Amino acid sequence: MSISEQLDKASAQLKGLSEKASAAEANANAAKAKDKAALKQRVDAAEVDAKKTSDDLKVSAKEAKDETTQWWGQVQDNWKSHVAKVHKDVEEAKANLKADRAEARAKRAEANAAAAVEFAYAAIEEAEYQVLNAALARLDAEDAEAAT
């Protein structure tokens, strides 16, 4: 294989690495935004559903002419408020516990990602050295052959 063919092959491989690195960067950035956007969308949908249910319950209670039905509507509203407060308190307690664990997991994942990127960078540096060294060795071999 000639030096030109070797360098063409190595150049194509390095280009592939570069494209893969660019794609990985784009995916990492997209995943951040995508996950947050998907979560935001779910939160918004849940809020709309909860408000609609609450509004429907209030309309139903107001439309009722029977005093007992109105009283029952008020009891349901009070119960719903109580349940919402209990859920909120439980979620806050879970969030505090989960936050500590999630923070530790996130730090480990970030450290692993940084180490992997550093390893990939070192591998690319080594690949560049090896490609150039191979080209030089090929030139030396061709010179030695021409000298004989």
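Residue numbers run from 1 in the order of the sequence given. All values derive from a computational prediction rather than experimental measurement. All values below come from the heavy atoms of this structure, side chains included, with hydrogens, waters and symmetry mates left out.
To the nearest 0.5 Å, atoms CZ (R105) and NZ (K107) are separated by 14.0 Å. We find the CG-CG distance between N133 and D140 to be 9.0 Å, quoted to the nearest 0.5 Å. Interatomic distance, NZ of K15 versus CG of L17, reported as 12.5 Å (0.5 Å rounding). Rounding to the nearest 0.5 Å gives a distance of 6.0 Å between CD of E92 and CG of D89.
Connectivity analysis of hydrophobic side chains (ILVMFWY, heavy atoms under 4.5 Å, direct or indirect) links Y121 to nothing; its cluster partners are none.
Under the side chain to side chain donor-acceptor pair (under 3.5 Å) criterion, E145 pairs with no residue at all, not counting sequence neighbours.
Proximity of a side-chain donor or acceptor of S22 to a complementary backbone N or O of S18 within less than 3.5 Å is detected.
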